[in-house]
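As structure tokens, the structure follows; a few thoughts come after it.
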Amino acid sequence: MAQLGWRNDDMNRFSHMVRFVSLLALLGLTPGPISAQTVLYESQVAFPDFVTGALAGQDGWESTLRYSTNAAQIVSYATGQALELFGPFVVQGGPNYYSSAFSQSLTNYDAVSAGTPIVSVSADMWMNLGPTASKASWLYGFLILADPNGTAYASIGMDKNGVVFGQNFASSNQVVSATNTGTNTFHVLRADHNFSSRTVTFYMDNNLMGSMPFSPNSGTQAGSVMLVLQSSDPLDSNLLLDNLSVTAGTGIPAGACSLQITSPTGPCLSNAVASVPKVGDLYGLKVTFNMTGTPNQPFRIKYTIGNVTYYSGYLDGLTAGSGWWYYFLWWVNLDGPLPWSVTLDPDGISGSTNIAGMTASGTFTPTPPSTPLELYNPVMVGGTEEWEANFEPGSGTISDLYVVFGSPTTHGAQNVISVNGPDEGTSIITAPYGVPVRAVGWTNLLAGSFRKSESFTAQLNAMRVNPTLLRTNTWAHMSALPSDITAWLAADPLCQSTSPVISNFVQLYLPTNYKTTMTPYDTARVLHGAVMRSLIYLEPPPFPDATNCLQAGLADCGGYAALLTAALRDAGIPARRIAGFWVGDCWQNDSQWHVRTEYYLPDTGWLITDSCVGNEADPTGMFSWDFSFVPDANDYFAMDVGDQHILPYDNFNQLQLPNWLWYCCATYNSGASRSYLQPLASVSVANVAGGNLNILVTNAPSLGTVVLQSSTNLTDWKTVATNAATGDPLTYSFPTTSEPGKYFRAVQIP
């Protein structure tokens with residue numbers, strides 16, 4: 001998306017510029033150099049693509065504690081990637097001592113001899129506190145500059161109360177604290193180490209926190225930069241860090257410019273008009289500011305909605321003037337009230353003397369629909385599933401061969417219009433949940449090639465809800481649900497809702513009296529966030545089921561859905577996994593397949609919740625991303641619901657794709673199951689000026705081709721236009737007198 005910048009020079013003259021800045025820029029761009037600056041370490045625009053697990057040995061990083069080598073990993077955000085020290089992976093190093101530490105060598109840099117006496121350590125940093133943080137007697141996350149022996153000069157970090165502090169580990173130990181906390185989102189933390197005076201000065205979001213001397217035990221060279229997470233008790237808090245840099249120079253001069261935020265600043269619509277967006281629409285934040293003087297170097301803008309933080313690219317070419325404005329847009333799938341803030345130059349590199357005027361903040365509540373559930377932005381889609389198996393001809397006889405397809409139904413955000421099942425297929429209602437499937441079976445087949453397919457059409461919708469109206473559902477209402485709904489409270493092999501592991505997880509996040517103090521909607525929302533923060537995405541996953549995924553802390557989308565489903569059932573809320581795929585071609589792209597969760601509320605029905613997509617945007621689960629606010633539900637089709645389909649010959653799990661099995665006695669060569677889902681093109685006709693007629697084909701697929709054809713007899717068709725497989729709308733225009741008596745149709749290939 002684009003960020004737009006305007007400068008209002010006077011009442012009658014406007015100049016503007018447009019800067020296309022990636023919103024996947026949590027990692028940002030490297031700022032331009034200042035005078036006499038040396039880069040000692042910089043994460044650039046991305047950390048190395050580590051596999052989940054040990055960070056030691058990757059890109060020069062080493063574990064300085066042998067018992068914590070598996071605690072660091074890269075996590076994905078909606079805005080990019082960040083490095084996380086994951087609390088549940090931190091192991092015990094001694095009595096009442098849990099610690100994880102990683103260091104990056106700085107080659108023993110001598111700042112004084114190099115003539116660059118100030119070494120600045122900075123990063124976008126955040127420690128998200130888990131539910132057990134209050135039980136720990138102490139909990140710290142540190143960013144540390146150390147000498148060649150690993151002795152810290154000083155550190156900047158966060159404690160279990162969310163207080164940002166600087167510390168020098170001297171005796172007596174000295175500490176300075178920021179006036180505000182850093183647990184709700186990323187903050188830019190910076191420690192400027194002056195090797196001439198042996199003092200360190202701390203900043204949070206460019207706000208001065210204070211100064212102190214170096215630890216007297218430290219040396220004279222920059223040996224390493226370290227990341228540390230420590231606690232007196234087992235951890236579920238996480239330390240997240242991004243944009244880490246260590247630079248040596250003579251400091252950033254002040255007084256080059258002055259930045260002042262003015263109005264309008266705050267939430268805006270997608271067109272940058274100041275207003276409160278609707279739930280499920282694009283959310284925006286806009287900032288307007290004046291500038292005098294010239295910045296020392298390009299600076300960036302920090303935006304936060306909820307606990308989701310975005311950084312612009314570094315703004316170059318700004319000149320003194322009034323009315324500069326920028327904004328960002330994002331699908332922040334959250335209800336409110338949501339805190340927001342905007343900070344100009346959070347790194348403190350512009351030289352602005354007006355620190356107090358560079359931050360604005362507030363709250364806003366997105367406008368909900370007028371009904372408990374609103375399905376909007378409908379899209380017509382068509383899809384196909386195909387199965388094939390190949391046996392060596394002449395290699396024998398197959399005594400039994402079965403293939404089972406999902407039988408998609410109307411529920412949640414989708415309305416199934418038609419299903420053409422596989423030929424020779426039989427529709428069967430399966431235990432234990434009464435879910436239909438379509439099955440084909442053969443006996444005594446000679447070895448060869450076999451193929452079956454199923455096609456369907458459906459209307460998909462985006463989904464958003466009114467939380468206030470949904471909170472009118474009570475636990476008394478839940479106890480009166482019919483048996484076909486309460487069946488989704490039972491445990492199954494993937495969603496072990498009666499397991500003590502799941503019960504303990506639910507009890508950790510819910511109060512003991514939650515059924516008297518919380519509504520079912522809020523209970524489900526808390527558990528959604530708990531799953532978001534408790535798992536790290538890994539494909540392929542080590543386990544498919546809820547309990548093992550929770551204990552390992554690792555899962556793919558199916559594991560996220562299994563854990564959330566099991567937790568909801570344990571809490572008394574009917575829930576199930578739904579398996580399907582995004583719009584696209586799974587012949588070529590396996591990543592189109594996806595599993596979500598639906599939970600049930602009386603008088604509303606099945607609501608989608610996606611803790612896996614939520615985790616991608618916010619691994620901490622502080623706010624409930626993609627919980628009943630699902631603007632991309634019109635891009636996803638659920639082929640199947642539930643995890644068990646018991647048939648006489650086997651118990652099939654999810655039927656995201658056709659499942660099959662065979663018995664005796666032929667040589668198997670290959671097999672595959674595939675899917676394809678695309679919008680169905682629609683045709684509209686309109687008269688336009690000049691006596692012309694426009695035929696417009698919309699909802700065109702991004703894969704495949706839409707062809708517009710004409711005919712005079714509905715038998716012979718001639719192609720008159722094509723969209724060349726671009727996914728763009730197709731328009732065909734002609735004078736109304738030139739093609740009388742003709743019929744037109746749109747054909748989608750494939």
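Only a predicted model underlies this, so the values are computations on that prediction, with no experimental measurement involved.
Phe195 has its ring centre less than 6.0 Å from the ring centre of Tyr153.
Not one N or O on the side chain of Lys160 forms a donor-acceptor pair closer than 3.5 Å with the backbone of Ser231. Not one N or O on the side chain of Asn128 forms a donor-acceptor pair closer than 3.5 Å with the backbone of Met622. A donor-acceptor contact shorter than 3.5 Å links the side chain of Asn168 to the backbone of Pro213. Within the 3.5 Å criterion, the main-chain N or O of Ser350 finds a donor-acceptor partner in the side chain of Asp345. Between the Thr265 side chain and the Thr288 main chain, a donor and an acceptor come within less than 3.5 Å of each other. Although no hydrogens or angles enter the test, the distance criterion places a donor-acceptor pair under 3.5 Å between the side chain of Asp147 and the main chain of Asn149. No donor-acceptor distance shorter than 3.5 angstrom exists from the side chain of His187 to the backbone of Asp205, with no hydrogens or angles considered. Checking side-chain atoms of Tyr537 against main-chain N and O of Glu616 turns up no donor-acceptor pair under 3.5 Å. Distance alone, capped at 3.5 Å, is enough to place a donor-acceptor pair between the Ser534 side chain and the Ala530 backbone. The backbone N or O of Gly323 sits less than 3.5 Å from a side-chain atom of Asn290, completing a donor-acceptor pair.
For the pair Phe169/Thr151, no side-chain contact is recorded, criterion being any heavy-atom separation below 4.5 Å from C-beta on. Counting heavy atoms from C-beta outward, Ile156 and Val200 have side chains that stay 4.5 Å or more apart. Side-chain atoms of Leu554 and Phe89, non-hydrogen and from C-beta on, do get closer than 4.5 Å to each other. Inter-residue side-chain proximity for Asp632 and Asp626 is flagged as met; some heavy-atom pair is nearer than 4.5 Å. Side chains of Thr201 and Leu208 form a contact here, defined as non-hydrogen atoms less than 4.5 Å apart. In this structure, Val246 and Val119 have side chains that are in contact, with non-hydrogen atoms separated by less than 4.5 Å. Side-chain contact between Asn243 and Arg300: present, with at least one pair of heavy atoms (C-beta onward) separated by less than 4.5 Å.
For the pairing with Leu143, the side chain to side chain contact (heavy atoms under 4.5 Å, CB included) check across Leu189, Val228, Val121 returns one residue only, Val121. Tested against Phe328 for a ring pair (Phe, Tyr, Trp, His ring centres under 6.0 Å), the candidates Trp340, Tyr303, Tyr311 yield a single pass: Tyr303.
Between the side chains of Ser155 and Tyr140, no donor N or O sits under 3.5 Å from an acceptor N or O. No donor-acceptor contact under 3.5 angstrom links the side chains of Ser624 and His528, judged on distance only. Looking only at atom types and distance, the side chain of Thr309 has a donor-acceptor partner in the side chain of Thr304 under 3.5 Å away. A side-chain donor from one of Ser232 and Ser137 sits under 3.5 Å from a side-chain acceptor of the other. Counted by atom type alone, Asn238 and Glu84 present one or more donor-acceptor pairs between their side chains at under 3.5 Å. When only modelled atom types and interatomic distance are considered, Asp236 and Thr132 share a side-chain donor-acceptor pair under 3.5 Å. For Asn354 and Ser352, the side-chain atoms include no donor-acceptor pair closer than 3.5 Å.
Across every non-hydrogen atom of Tyr283 and Pro277, the tightest pair is CD1-CG, 3.9 Å. Nearest heavy-atom pair across Trp331 and Gly280 is CZ3-O, 3.0 Å. Here the shortest heavy-atom pairing between Pro366 and Leu338 reads CG-CD1, 4.0 Å. Minimum interatomic distance between Phe629 and Pro467 (heavy atoms only, all atoms of both residues): CZ-CG, 3.8 Å. Across all non-hydrogen atoms, the minimal contact from Ala320 to Thr292 is CB-CA, 4.2 Å. The shortest non-hydrogen separation linking Ser237 to Gly130 is OG-N, 2.9 Å.
For CD of Gln260, the number of neighbouring non-hydrogen atoms (other residues, nucleotides, ligands) closer than 6.0 Å is greater than 12.
Trp330 and Tyr310 have tilted rings, their planes meeting at an angle from 30° to 60° on a 0 to 90° scale.
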Please lay out, stage by stage, how Met127 and Leu139 fare under the test side-chain contact (heavy atoms from CB on, under 4.5 Å).
CA-CA 10 Å; Met127 187 165 71; Leu139 167 62; 4.1 Å; yes
Ser120 and Thr247: side chain to side chain donor-acceptor pair (under 3.5 Å), yes or no, with the steps?
CA-CA 5 Å; Ser120 296; Thr247 58; 4.5 Å; no
Apply side-chain contact (heavy atoms from CB on, under 4.5 Å) to residues Met226 and Phe142 and explain how you reach the verdict.
CA-CA 8 Å; Met226 301 173 62; Phe142 297 107; over 6 Å; no
Could you go through Leu239 and Met125, starting from their C-alpha distance and side-chain angles, then the distance that decides it, and tell me whether this counts as side-chain contact (heavy atoms from CB on, under 4.5 Å)?
CA-CA 8 Å; Leu239 182 68; Met125 191 169 168; 3.6 Å; yes
Is there a side-chain contact (heavy atoms from CB on, under 4.5 Å) between Thr319 and Trp324 once you walk through the steps?
CA-CA 10 Å; Thr319 57; Trp324 285 106; 4.1 Å; yes
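Residues Arg525 and Asp335 are paired through a salt bridge, judged by an N-O separation under 4.0 Å between the basic side chain and the carboxylate. We find that Lys135 and Asp233 are not joined by a salt bridge, their nearest charged nitrogen and carboxylate oxygen being 4.0 Å or further apart.
The CD atom of Gln230 lies 5.0 Å from the CH2 atom of Trp138; values are rounded to the nearest 0.5 Å. Annotation: the span from Asp192 atom CG to Ser122 atom OG amounts to 8.5 Å, rounded to 0.5 Å. Between Phe86 atom CZ and Arg533 atom CZ the span is 8.0 Å, to the nearest 0.5 Å. For the atom pair OG (Ser245) and OH (Tyr41), the distance works out to 10.0 Å, reported to the nearest 0.5 Å.
Cation-pi geometry between Arg198 and Phe214 is not met at under 6.0 angstrom from the ring centre and within 45 degrees of the axis.
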